[in-house]
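It should be emphasised that the depicted structure is a prediction, and the values quoted were computed from it without experimental measurement. Chain letters run A, B, ... following the sequence lines, proteins first, then strands; residues in each count from 1.
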Number of protein chains: 2
Amino acid sequence: MNNASKPVYLKLRDIISESILDGEYGEGDMLPSVRAFAVEQGANPLTVAKAYQGFQEDGLVTVKRGVGMFVANGAKAKLRDAQRADFIKNVWPPVERQMKRLDIKLDELLENGA
Amino acid sequence: MNNASKPVYLKLRDIISESILDGEYGEGDMLPSVRAFAVEQGANPLTVAKAYQGFQEDGLVTVKRGVGMFVANGAKAKLRDAQRADFIKNVWPPVERQMKRLDIKLDELLENGA
DNA sequence: ATCGCTGTATTATGGCAGTGATGCAGTATG
DNA sequence: CATACTGCATCACTGCCATAATACAGCGAT
């Protein structure tokens, strides 16, 4: 559900986020250009730009006009913190509620996908 | 995130689901009429009808035309099973992946919202 | 039969999000 | 300056969601 049935620009956002968190793009590295990433992902350059836009607003990437977009200093930690906060505040509560409502124990979950 | 920023008819679906699972509407009980529930939720009767429509397609409610919609026999168990399956197949995997990526332990979660 | 409730179907409209094509603006390099 | 790359802005198209007005069809009680 992370990569299905959700807007393309959000999927692209996720891909970039994961790439930064996983260290594929280190701090100071240049991200793929809008057009290059569009081709790579089979998306429209506009859609990629829209995905990138969120990152600059959050200060995670530095834009050098005419040059490219670069991973900002401290982006990895910042991104991690933000995602942790979002997870704890927005993602986990409904999941926990759902588990209680359906009486799903952690045991039945931890055996599988691991 | 369960009741925010998602289509109204899906929110209504969730409300009904929870009401059935929690026993507010027992099997055989009549659900609120389309018009009544619309007023109660501040929604449009058409939107409520759209929400109800999914339940009949899944055999969770029995429609008595001209009378009302009633919770079908075995609806609670059926609903529970379906939601459990969906949770395990679609909801939990990305949650678990996210937890691993962000190094979130179950400990920090189980203390809070409980 | 009549009245009042039930769900259903039709059609039309407004709003919004996602996507796409084109062109413009800034920068580096030769 | 010329070229080729970068990001960015504008416009327009599409589809989904929600709403609305209206009419129809089935059932129960009077």
Side-chain angles (χ1 to χ4, degrees), chain A residues 1-17 19-20 25-73 75 90, chain B residues 1-17 19-20 24-73 75:
Chain A
M1 195 61 86
N2 243 349
N3 292 323
S5 73
K6 77 158 66 169
V8 174
Y9 80 99
L10 287 182
K11 288 195 240 176
L12 298 178
R13 253 193 68 103
D14 288 346
I15 293 176
I16 304 291
S17 291
S19 297
I20 293 178
Y25 300 124
E27 310 195 343
D29 288 358
M30 175 177 165
L31 292 173
S33 80
V34 170
R35 291 171 178 81
F37 196 54
V39 172
E40 179 185 330
Q41 296 292 331
N44 191 281
L46 257 297
T47 307
V48 175
K50 186 170 185 179
Y52 277 6
Q53 199 174 348
F55 287 105
Q56 21 173 335
E57 288 169 355
D58 295 343
L60 296 173
V61 304
T62 302
V63 182
K64 293 184 186 173
R65 257 206 135 193
V67 182
M69 313 193 58
F70 300 81
V71 179
N73 282 342
N90 298 320
Chain B
M1 193 64 86
N2 242 350
N3 292 322
S5 73
K6 74 159 66 171
V8 174
Y9 81 99
L10 287 182
K11 288 193 239 176
L12 298 178
R13 254 192 67 103
D14 288 346
I15 293 176
I16 305 291
S17 291
S19 298
I20 293 177
E24 186 173 341
Y25 300 124
E27 309 195 342
D29 287 359
M30 176 178 164
L31 293 174
S33 80
V34 169
R35 292 170 178 83
F37 196 55
V39 172
E40 180 185 328
Q41 296 292 331
N44 191 283
L46 261 296
T47 307
V48 175
K50 186 172 184 178
Y52 277 5
Q53 200 174 347
F55 286 106
Q56 21 173 335
E57 289 170 355
D58 295 343
L60 296 173
V61 305
T62 302
V63 181
K64 292 185 186 173
R65 260 208 130 190
V67 182
M69 312 193 59
F70 300 81
V71 179
N73 282 342

K.L.:
In whole angstroms, how far is the C1' atom of D:dT6 from the CE atom of A:M30?
P.N.:
7 Å
K.L.:
Go nucleotide by nucleotide along DNA chain C from the 5' end; which of A:R35 and B:G68 gets its closest nucleotide reached first?
P.N.:
B:G68
K.L.:
For residues A:L12 and A:Q41, determine if any side-chain heavy atom of one lies less than 4.5 Å from a side-chain heavy atom of the other.
P.N.:
yes
K.L.:
Closest nucleotide of DNA chain C for B:Q53 versus for B:V67: which of these residues is on the 5' side?
P.N.:
B:V67
K.L.:
Quick one: A:F70 CZ to D:dT6 P, roughly how many Å, whole number?
P.N.:
11 Å
K.L.:
Can you tell me if B:Y9 touches the phosphate of D:dC17, counting only side-chain N or O atoms and a distance under 4.0 Å to OP1 or OP2?
P.N.:
yes
K.L.:
So, is A:K50 near the phosphate of C:dG18, with a side-chain N or O under 4.0 Å from OP1 or OP2?
P.N.:
yes
K.L.:
Determine whether A:I16 and A:Y52 make a side-chain contact, defined as any pair of heavy atoms from C-beta on separated by less than 4.5 Å.
P.N.:
yes
K.L.:
Counting only side-chain heavy atoms from C-beta out, which of C:dT10, C:dT22, C:dG18 sits nearest to A:P7?
P.N.:
C:dG18
K.L.:
Mark yes or no for whether B:D58, through its side chain, and B:L60, through its backbone, hold a donor-acceptor pair below 3.5 Å.
P.N.:
no
K.L.:
Taking only the side-chain nitrogens and oxygens of A:Q56, find out if one of them lies under 4.0 Å from OP1 or OP2 of D:dG7.
P.N.:
no
K.L.:
If we only count heavy atoms from C-beta on, is the A:D14 to A:K6 side-chain gap below 4.5 Å?
P.N.:
yes
K.L.:
When you check the phosphate oxygens OP1 and OP2 of D:dA20, does a side-chain N or O of B:N44 lie under 4.0 Å from one of them?
P.N.:
yes
K.L.:
Would you say A:T47 places a side-chain N or O within less than 4.0 Å of OP1 or OP2 belonging to C:dG20?
P.N.:
yes
K.L.:
Between B:M69 (CE) and C:dT8 (C1'), how many Å, whole number?
P.N.:
11 Å
K.L.:
Provide, to the nearest angstrom, the distance between the CZ atom belonging to B:R65 and the P atom belonging to C:dG7.
P.N.:
11 Å
K.L.:
Within this structure, what is the NZ-to-P distance between B:K64 and D:dA25, rounded to whole angstrom?
P.N.:
23 Å
K.L.:
If you check every side-chain atom of A:S33, which of D:dT6, C:dG18, C:dT8 has the closest atom?
P.N.:
D:dT6
K.L.:
Can you give me the closest heavy-atom contact between B:A49 and B:V34, atom names plus distance?
P.N.:
N-CG1, 4.1 Å
K.L.:
CG of A:L12 versus P of D:dG7: gap in Å, rounded?
P.N.:
14 Å
K.L.:
Could you tell me the separation between the CZ atom of B:F37 and the C1' atom of C:dG7, rounded to a whole number of Å?
P.N.:
16 Å
K.L.:
Rounded to the nearest angstrom, tell me the gap between atom NZ in A:K6 and atom P in C:dA17.
P.N.:
17 Å
